[in-house]
Amino acid sequence: MGEEKVKSKFGVYIPSDLIQELDAVMKGLGIENRSKLFQEALRLFIVENKWSIVKNVTGSITILYNHEVGGVDEALTDAQHTFLDVIISTMHVHLDRERCMLIIAIKGSSERIKELLGKLHSIRGVMLIRHVLVEAQ
Ligand code: NI
């Protein structure tokens, strides 16, 4: 007997503008089945966030910020000195006259990294933070 996959069906409310954008992207990618697309989106969401339920993680945090905002460089440097236990290395790229990018290599406790992300999000001048984290071996 082959193993049958149990499927769940449930309704979700999605704003019409989001559906319009979604349909446009689906059309661009040549995807016709909304269910398949939602399954893929959920898998991606899980892969991206699984690190939050494991003990130790490794990967990177990328921060885009406006260095002309007063105190932002100092606040980012202070945060890195506070989280030396999970930071392996940092690369600073001067993107243009106003914007800078930090790429921080990370390894350590996921709880500690959640604290670091919280700290980074609270800094004025930070425009965007993206992390790529996986379970550490
Ligand atoms: Ni810079």
Side-chain angles (χ1 to χ4, degrees):
M1 288 281 191
E3 207 175 297
E4 225 176 274
K5 274 194 181 176
V6 179
K7 288 183 179 173
S8 300
K9 189 176 178 179
F10 60 95
V12 255
Y13 291 100
I14 300 167
S16 56
D17 56 339
L18 189 58
I19 280 292
Q20 277 172 15
E21 274 190 283
L22 185 68
D23 285 343
V25 172
M26 281 175 70
K27 203 175 171 189
L29 292 172
I31 301 169
E32 286 170 12
N33 186 330
R34 260 193 201 160
S35 286
K36 283 245 183 308
L37 181 110
F38 277 105
Q39 287 167 21
E40 277 309 305
L42 289 176
R43 278 194 196 99
L44 188 61
F45 179 84
I46 290 166
V47 166
E48 282 189 358
N49 293 288
K50 219 171 185 176
W51 69 272
S52 65
I53 54 167
V54 301
K55 199 165 185 281
N56 292 300
V57 299
T58 187
S60 70
I61 298 173
T62 298
I63 306 158
L64 227 82
Y65 69 99
N66 181 341
H67 89 112
E68 293 194 335
V69 172
V72 64
D73 276 295
E74 200 184 1
L76 285 167
T77 302
D78 276 352
Q80 291 174 74
H81 282 271
T82 308
F83 288 87
L84 276 179
D85 53 315
V86 292
I87 293 175
I88 298 168
S89 160
T90 303
M91 179 167 73
H92 183 132
V93 183
H94 310 295
L95 295 176
D96 52 35
R97 290 191 74 84
E98 292 102 38
R99 294 175 303 173
C100 296
M101 178 171 69
L102 289 181
I103 302 168
I104 305 178
I106 294 285
K107 188 172 189 177
S109 125
S110 56
E111 289 309 314
R112 191 78 175 126
I113 289 159
K114 283 176 199 168
E115 284 175 37
L116 170 59
L117 285 168
K119 177 74 202 162
L120 295 172
H121 276 286
S122 75
I123 296 172
R124 211 174 68 87
V126 169
M127 299 154 66
L128 183 69
I129 300 176
R130 284 287 178 270
H131 54 266
V132 176
L133 297 166
V134 292
E135 185 168 16
Q137 297 294 319

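Just so you know, residue 1 is the first one in the sequence shown, and it goes up from there. All figures in this text were calculated on a predicted structure; none of them were measured in a lab.
- Residues in residues 63-75 take part in no salt bridge (charged side-chain N to carboxylate O under 4.0 Å, His left out) pair, two or more places apart or across chains.
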Show me, pair by pair, the donor-acceptor contacts under 3.5 angstrom made by side chains of residues 97-104, not counting sequence neighbours?
from : atom 1 : to  : atom 2 : distance (Å)
R99  : NE     : D96 : OD2    : 3.0
R99  : NH2    : D96 : OD2    : 2.7

Show me the side-chain donor-acceptor pairs of residues 124-137 shorter than 3.5 Å, one per line, residues at least two apart or across chains.
from : atom 1 : to  : atom 2 : distance (Å)
H131 : NE2    : W51 : NE1    : 3.4

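- Follow the hydrophobic side-chain contacts under 4.5 Å out from I61 and you reach V54 in the same cluster.
- The salt bridge (charged side-chain N to carboxylate O under 4.0 Å, His left out) analysis of residues 78-88, with sequence neighbours excluded, yields the pairs D85-R112.
- F38 and F10 fall within the same hydrophobic cluster, defined by Ile, Leu, Val, Met, Phe, Trp and Tyr side-chain heavy atoms under 4.5 Å apart, directly or through other members.
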Derivation and outcome, side-chain contact (heavy atoms from CB on, under 4.5 Å), residues V25 and L37: CA-CA 11 Å; V25 172; L37 181 110; over 6 Å; no

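- Within a 6.0 Å sphere centred on NZ of K50, heavy atoms belonging to other residues, nucleotides or ligands number 12 at most.
- The nearest pair of heavy atoms linking I106 to T58 is O-OG1, 3.1 Å.
- Not one N or O on the side chain of S60 forms a donor-acceptor pair closer than 3.5 Å with the backbone of A105.
- Sorted by first and then second residue, the pairs that involve residues 29-39 and meet side-chain hydrogen bond (donor to acceptor under 3.5 Å, both in side chains), not counting sequence neighbours, are D23-R34.
- Nearest heavy atoms, V86 versus S109: CG1-N, 4.2 Å.
- Interatomic distance, Q80 CD to T82 OG1, rounded to the nearest 0.5 Å: 9.5 Å.
- Separating the NE2 atom in H121 from the CD1 atom in I63 is a distance of 9.0 Å, to the nearest 0.5 Å.
- Linking ILVMFWY side-chain heavy atoms closer than 4.5 Å, directly or via other members, places I19 and Y13 in two distinct hydrophobic clusters.
- Pairs passing the ring-ring contact (aromatic ring centres under 6.0 Å, His included) check and including a residue from residues 77-109, sequence neighbours excluded, read H92-H94.
- Residue K119 holds its NZ atom at 11.5 Å from CD of E115, rounded to the nearest 0.5 Å.
- The minimum heavy-atom distance between N49 and S52, with the atom names listed, is O-OG, 2.7 Å.
- In the hydrophobic cluster analysis, where Ile, Leu, Val, Met, Phe, Trp and Tyr join through side-chain heavy atoms closer than 4.5 angstrom, F45 is grouped apart from V47.
- The same ILVMFWY cluster, assembled from side-chain heavy atoms under 4.5 Å apart, contains both L117 and V57.
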